[in-house]
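A quick write-up on the structure given underneath.
Read the numbers this way: they start at 1 and go in the same order the structure lists the ligands and their atoms. If you're wondering where the values come from, they're calculated on a predicted model, not measured in any experiment.
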Amino acid sequence: MDAKTTPGKAGSNTGTVTLTDNKTGRSWELPLMTGSLGPSVIDVRRLYSDTGFFTFDPGYTSTGSCQSAITYIDGDKGELFYRGYPIEELAEKSDFMEVCYLLLNGELPNADQMRQFVWDITHHTMVHEQLSAFFRGFRRDAHPMAVMCGVVGALSAFYHDSTDIHDPRQRTIASYRMIAKMPTIAAMAYKYSVGQPFIYPKNSLSYAENFLHMMFAVPCEEYKVNPVLARAMDRIFILHADHEQNASTSTVRIAGSSGANPFACIAAGIASLWGPAHGGANEAVLKMLTEIGTKERIPEFLKRVKEKDGHTRLMGFGHRVYKNYDPRAAVLRKSCHEVLDTLGVRDEPLLDLAMELERIALEDRYFVDRKLYPNVDFYSGIILRAMGFPVSMFTVLFAIARTVGWVAQWNEMIEDPMQKIGRPRQLYTGHARRHYVPVAQRG
Ligand code: ACO
């Protein structure tokens, strides 16, 4: 099979690729589509009906599953834009509520829009009192991500009949509910695990402050949120807010493509995020650093990684898309020092170890040749641990931040006239047709 490209002008449908079957000599023209940034795509929607072939792409490494105007990543340049704005600018100048508005609506809000949006989110943070009863069904030592899957999925039972996904107003309300209630549910999962009473949301606090308050306050004394920690929390939320068509976002889109309840779709996204190759990586980074223990043991650990001993990987390194430094890791590396200084942590052995590990790995041919650089998770775990979060809560924090991305992508999908139910095809490698043999006649 040969493919020849005829380029066209930038636009949405530009140029063609000619596909030739060398066996039969037959040729087909496949349209090329061009976006506003990034590589063009070959439109294969009519491939099967026109040619009788499917494409084969496990892990979707070369497949665009949708068109999207929300987030853009250039993995080679190490660039990440939300609605066109570079992540570094947003992390420095904006705040999470503004970023949420931007991701959901496409533009930064004016002052009135911002006030209204913050008011709307703030006034949806309480959960139905009946939801509190769900927590009691879990063991106290349950992993909080297991609790999140269950409780967020259970929200669908509270808002099923009231959510018509084809009504934009109802979609907006569902989106606000999810963004607003996620910190409340996450903090409840934590409080339940340590046997402390749930702390209700407080409307005078910002999104990040409110979350820290619900996490760390107890009813018997005043809790003052440290502004530097609130800023660091807010920044972590910004950095994790969206990341185009990653595993959990694609899961939300696929689940939602059947018209399913949005709260159930977000629960599906949480399940996908939990895995150590995705959102579970910052938890895995801390476990790895603890296991390595001292700088002297780094070479021995890296040897095991390079020899591909079992499933040992350098956690927090490598990314499907970034083949250059992950821009989020660069922001967090800086934030890490600020947080540790504020908390008066002069010597954090894990940070020293992480920096040394990073230095050695970035000079090692194995990692250089494979373009493996630190990703966002390499430093986030160290910051979160210093802020007092238990390791098992790390992925939960990621889920809080990513909810706005999931919701924005879900809304975009519902509004997309090209949207169809997600239904990949396969290359079948099993038996050809054969006939049933009764058990007595089987050898
Ligand atoms: N440590 C050691 N080797 C690695 C690592 C790593 N962290 N990542 C990739 N490699 C190697 C692979 O073994 C493979 O080597 P080979 O060519 O000799 O077979 C090569 O690099 C390419 O790796 P793939 O697995 O094909 O890359 P893929 O794009 O599928 O994987 C992934 C990306 C899953 C993120 C991977 O780099 C990884 O497992 N990293 C560690 C986990 C992690 O930090 N995940 C967080 C991702 S960021 C996020 O979700 C927010």
For ligand 1, the portion of F378 having any non-hydrogen atom under 4.0 Å away: neither

Before we go on, tell me: are the rings of Y322 and H243 under 6.0 Å apart, centre to centre? yes

Looking at R171 and E415, does any basic side-chain N land under 4.0 Å from a carboxylate oxygen? yes

For atom 45 (N) of ligand 1, what's the nearest protein heavy atom and its distance? A277 O, 3.3 Å

Measure T61 to ligand 1 on non-hydrogen atoms and call it side chain, backbone, both or neither using the 4.0 Å cut-off. neither

Any atoms of ligand 1 less than 4.0 Å from a non-hydrogen atom of F398? List them with their elements. 51 (C)

Any side-chain donor near an acceptor of the partner, Q170 and Y159, under 3.5 Å: no

Any idea which protein heavy atom is nearest atom 38 (C) of ligand 1, and the distance to it? R313 NH1, 3.2 Å

To the nearest 0.5 Å, atom CZ of R297 lies from atom NZ of K303 at 13.5 Å

Taking only non-hydrogen atoms of A281 and a 4.0 Å limit, the atoms of ligand 1 in range are 43 (C), 44 (O), 45 (N), 46 (C)

Can you tell me the protein heavy atom closest to atom 35 (C) of ligand 1 and the distance? G318 O, 3.7 Å

Return a yes/no value: protein heavy atom under 4.0 Å from atom 18 (O) of ligand 1? yes

Would you call K287-E291 a salt bridge at under 4.0 Å N-O? no

Please determine if D141 and R139 form a salt bridge, counting it only when a charged side-chain N lies under 4.0 Å from a carboxylate O. yes

When distances are taken from atom 2 (C) of ligand 1, the protein heavy atom at minimum range is V305 CG1, 3.4 Å

If only side-chain N and O atoms count, and only distance matters, is there a donor-acceptor pair under 3.5 Å linking S68 with E412? yes

Which atoms from ligand 1 have a heavy atom of G316 less than 4.0 Å away? 43 (C), 44 (O)

Give the single entry among H311, H278, R320 that approaches atom 29 (O) of ligand 1 most closely by any heavy atom. R320

At under 4.0 Å between heavy atoms, what of V376 touches ligand 1? The answer is side chain

Sub-6.0 Å ring centroid separation between Y176 and F117: yes

Within-cutoff protein neighbour (heavy atom, under 4.0 Å) for atom 4 (C) of ligand 1: yes

Non-neighbouring partners of S65 that pass side-chain contact (heavy atoms from CB on, under 4.5 Å), sequence neighbours left out: Q245

Nearest neighbour in protein (non-hydrogen) for atom 40 (N) of ligand 1: F317 O, 2.9 Å

Are E92 and K334 ion-paired here, with the side-chain N under 4.0 Å from a carboxylate O? no

Distance-only side-chain donor-acceptor flag, N411 / S175, under 3.5 Å: yes

Kindly state if atom 27 (O) of ligand 1 has a protein heavy atom within a strict 4.0 Å cut-off, that is, under 4.0 Å? no

Among all protein heavy atoms in this structure, tell me which lies nearest to atom 10 (N) of ligand 1, with the distance rounded to 0.1 Å. L372 CD1, 3.6 Å

Nearest to atom 51 (C) of ligand 1 by heavy atom, L314, L273, V321, D377: which? D377

Any idea which of K308, M315, H319, R370 brings a heavy atom closest to atom 13 (O) of ligand 1? K308

R304/E300 salt bridge by N-O under 4.0 Å criterion: no

Is it true that Y366 lies under 4.0 Å from ligand 1, counting heavy atoms only? yes

